[in-house]
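Scroll down for the structure; my scribbles are underneath it.
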Amino acid sequence: MTSSKIEIPGEVKSDPAALMASLQLMPSPVPNPELKYTKIFINNEWHVSVSGKVFPVYNPATGEQICEVQEADKADVDKAVQAARLAFSLGSVWRRMDASERGKLLAKLADLVERDSVYLATIESLNSGKPFLPTLFVDLQGTIKTLRYFAGYADKIHGTSIPMDGEYLTFTRYEPIGVCGQIIPWNFPLMMAAWKLAPALACGNTVVLKPSEETPLTCLYVAALVKEAGFPPGVVNILPGFGPTAGAAIASHMGIDKVAFTGSTEVGKLIQEAAGRSNLKRVTLEMGGKNPNIIFADADLDLAVEQAHQGVFFNAGQCCTAGSRIYVEEPIYDEFVRRSVERAKRRIVGSPFDPTTEQGPQISREHQNRVLEYIQSGIQEGAKLECGGKALGLKGFFIEPTVFSDVKDDMRIAKEEIFGPVQQIMKFKTVEEAIERANNSDYGLTAAVFTTDINKAMTVSTAMQAGTVWVNCFNALSTQCPFGGYKMSGNGREL
Amino acid sequence: MGGFDPPAGGSRASLAHIKLEKQTSPAHVQVCLKFIFLVETPGPAAVMLGLRSAVFRAVTPLSRVLACRFSAAPIPVPNTQPEVHYNKLFINNRWQDAESGKTFPTINPATGEVICQVAEADESDVNKAVKAASDAFRLGSPWRRMDASHRGLLLNRLADAIERDAAYLAELETLDNGKPYAVAYSVDLPNVVKCLRYYAGWADKWEGKTIPIDGDYFCYTRHEPVGVCGQIIPWNFPLLMQAWKLGPALATGNTVVMKVAEQTPLTALYVASLIKEVGFPEGVVNILPGMGPTAGAAIARHMDVDKVAFTGSTEVGHLIQQASGSSNLKRVTLELGGKSPNIVLSDANMEDAVEQSHFALFFNQGQCCCAGSRTYVQADIYDEFVERSVERAKRRVVGDPFDMKTEQGPQVDQEQFNKILGYISSGKREGAKLMCGGGVAADRGYFIQPTVFGDVQDNMTIAREEIFGPVMQIFKFKTLEEVLTRANDSKYGLAAAVFTKDIDKANYVSSGLRAGTVWINCYDVFGAQAPFGGYKASGVGRELGQYGLENYTEVKTVTIKIPQKNS
């Protein structure tokens, strides 16, 4: 392609030998990692649940139980909120702390996560089924960078002084909201914890965080690091538990000033309702998506095929950002489908701890069945199954990389979030048509466009009703750039 | 949790808890507890004080407001003869002799003895350094391609390395500059570390904007580094001034040619070694010890230096601006002299105002550009204020800067020493009333007695010119309008302060003062977060805070023709 012929000064030349050498240095997972933390973390102490209940946590690659974890519900949420309120009381250590010192604690937490990153990546892989190496290089790095980024912001959140009319002096102060409930999902357990904790703590809030019942383990380990870093008791409280009990108790709690939720749009609506019914707590939501990825005929096809593939299959398709509606311009449609199918067939599905694995299992049996059911609906509604479509292996929750072509906009697989390794490829003819069809969705989280034409890039990126638009790339997320949804994909922006 | 929960009725007890958390030595706890309950106004100052070492508070109450803000660790016993590891030019991450082969001696001002010889940069060395800095800045270089967050990481690592070697750096700073070691360790060093950490955080947050311009266009701005930055720093806070300059320049991706003061080159050169250690690419930071008329002038007029930042005298500041004008119109920021008014109203807390005013002037041997060197006291409290100030100045401990009891060390060199003694003579000659001090304080080194003048008139030389020494001028005033007029009647406008309990007076005076910084009921309170710089002949631009980034940034407006604009 022409673009690759431009001589960019200082460009790094890819050297296969160097790449292989670097592979030799790849870190390995911790063998038989010890699980030290399976309880509820309140006031920098470990508690058993008030009810005495526990729940099992599984390895999705085998379906086997890893361990049992204390199950928080309403009574434990009450305890945590009380601790968080006390930590937030006027004159407390946390309230009187210099903003720069809050930043220093967050930077210290980043250092500790970095120190223990191989262990954390191991546990994350074990509990979520993500391949170990991407976990180490994407999730852990994302976690560390997010903590460092917001560490730097702690003492840079400026109010303003305002030249108001009359004999007055006016200034604004940016004050923390108070006790923040945070409910996070299972697809990026550590990184989602960092996205939530880092800004909340940089601004001086206190936190009651519920990790997903599917993946509580890394989050609990981070709790131990929060304590080690030196955060005062009560500032961060972490409660493993279920949505309808612990999650609902957070959303409807009168002592919680703000709730931040990442998860399904269905549950997001419940959170908003609960806030409305209780104390009008501030609500931010980061939810589902059915994200369009628009490929023009003038795009670098190799790049577009690979990015579109990664865009939907990354993390076994379990991304709210997944580019699950691929609109391809007519002249290149057949070629694009052919290459995408070929790429999907080459995708290596296997054990998360095998370094060559690209795709691990889905998070749970239930979720696996849900994705398989969507695949069936695609077949029934007349989409063309190009490859995959079935469960894989005898144990664990694996699904074959699946590609549908000839997908129509009114099919369920074109409208609903599948959250699995299933690629839908549609055909379009004009820019206007692609824009209209892309925007015809309840969701508006991300979108992408692949083209070498600057005008098409600008036109489409401006027109997309989406919180993030990528041009000639996908999933290029970074802690410096805000992220969040239009429409029913969410309220507010993170990062 | 109970330990962190303040009992109803006040926050002092909770301060005590903080103290107990931080301190390990029972003796320290006892003193600190006592001290905390003596604090009149619980607030940030109280926290600062509470967090500081009790030893320091007990022996040097003067500097406590600044000093007490920082480290909770006890001050380590200094090595009074720290080894000098680096005395050459630092160019391209390598140590080099001057092209000319010349060296100059750096002096221990406490004794007047030579510490060591240091390579003396002049124009040809500046050319080499600028070449290195330009190369490091070329398109596609490792430094230009580096993630902004990674620049931040390098600055954080530099802060960590300085923190690791803080005791050694404080020893070296004291040896070369003469400031009390306890102050160097507990004020200068922690501020250096904080400044670098602060700007580390900015590296990936200094955002351009997208702009809704008219027409079918898309417009955005990029905040780009200016390029090769010449930085010329003074001798009064050698390490801190270095951090103030490097932090924002490196966070924003510039490369640097820094000339350090010939009086105090040693600590900056050690920091150069840390810059290399933590992994800054070669050529990004180049550090040249040398003289102003040679090396400094070469930087100021260099055609390939894109920006020059200077901290020092107003006299030299004029030369820098001129050199820019006669060469390539390089961007100029200046942080220069001051004759800062400190206004004490009759309703102020007397004890506090006396102590703060003393500190405002005498801190760092009076060698502060922001020194409160015109103390205006309202007529009805004037006599008591002068009496107490004199008593306080007489108690000021002058001596060996490595002695923990010392509040005031020597002036930096013979020239400054002579100049200050000359100002004292002029004060006496012009009719000011010498209340205490006025003479030399030791038979070797450059020590001067803490000196207080009363009945100073606005037209006296000591009332108009920057003395930069331990010489306090106290004036009498009657009304707010009068004092504002007199306070503003100066070519300078760096800092000012007002002491009063009355919120309306505080607001009136602070709004009316023509100064870049105004302190209310405090003095010399600096934070990396808060900008600092001068009105009028005290400077151009602001350092520190977000404002400090503007000095090191070119704004590029990119406008793209698009087929159709939509909101």
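Lettering of chains follows the sequences in order, A, B, ..., and the numbering in each one begins at 1. Computed from heavy atoms alone, side chains included, the values below leave out hydrogens, waters and symmetry copies.
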Answer yes or no: does atom [atom1] of [X] have more than 12 heavy-atom neighbours from other residues, nucleotides or ligands under 6.0 Å?
{"X": "B:Arg138", "atom1": "CZ", "answer": "yes"}
{"X": "B:Tyr547", "atom1": "OH", "answer": "no"}
{"X": "B:Ile503", "atom1": "CD1", "answer": "no"}
{"X": "B:Glu481", "atom1": "CD", "answer": "yes"}
{"X": "B:Glu550", "atom1": "CD", "answer": "yes"}
{"X": "B:Tyr217", "atom1": "OH", "answer": "no"}
{"X": "B:Lys505", "atom1": "NZ", "answer": "yes"}

A:Lys156 (side chain) donor-acceptor with B:Tyr198 (main chain) under 3.5 angstrom
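Yes; judged by distance alone, with no hydrogens or angles, the pair exists.
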Between B:Lys205 (side chain) and A:Tyr149 (backbone), is there a donor-acceptor pair under 3.5 Å?
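Side chain of B:Lys205 to backbone of A:Tyr149, a donor-acceptor pair under 3.5 Å: yes, one is there.
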Which bit of [X] comes within less than 4.5 Å of chain A, counting heavy atoms only: side chain, backbone, both or neither?
{"X": "B:Lys561", "answer": "backbone"}
{"X": "B:Asp147", "answer": "side chain"}
{"X": "B:Asn566", "answer": "both"}

Using side-chain heavy atoms (C-beta onward) and a distance below 4.5 Å, is B:Ser149 in contact with A:Arg148?
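With C-beta onward as the side chain, the pair stays apart.
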Indicate the ring-plane relationship of A:His158 and B:Trp202, choosing parallel, tilted or perpendicular according to the 30° and 60° boundaries.
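Plane angle between 30° and 60°, so tilted.
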Which one wins on heavy-atom pair count under 4.5 Å against chain A: B:Leu153, B:Ile562, B:Asp204?
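Top count of heavy-atom pairs under 4.5 Å with chain A: B:Asp204.
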Looking at [atom1] of [X] and [atom2] of [Y], how far apart are the two atoms once the value is rounded to the nearest 0.5 Å?
{"X": "A:Lys145", "Y": "B:His150", "atom1": "NZ", "atom2": "NE2", "value": "9.0 Å"}
{"X": "B:Asp160", "Y": "A:Asp111", "atom1": "CG", "atom2": "CG", "value": "7.0 Å"}
{"X": "B:Ile560", "Y": "A:Asn455", "atom1": "CD1", "atom2": "CG", "value": "9.5 Å"}

Applying side-chain contact (heavy atoms from CB on, under 4.5 Å) to B:Gln564 and A:Thr459, what does each step give before you reach the verdict?
CA-CA 7 Å; B:Gln564 185 191 72; A:Thr459 301; over 6 Å; no
For a side-chain contact (heavy atoms from CB on, under 4.5 Å) check, start with the C-alpha distance between B:Arg197 and A:Ser100, then their side-chain angles and the critical distance, and finish with the verdict.
CA-CA 9 Å; B:Arg197 290 212 173 107; A:Ser100 66; over 6 Å; no
Taking salt bridge (Lys or Arg N to Asp or Glu O under 4.0 Å) as the cut-off, I'd like each qualifying pair that reaches into residues 454-463 of chain A, sequence neighbours left out, listed once.
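Listed by first then second residue: A:Asp298-A:Lys456.
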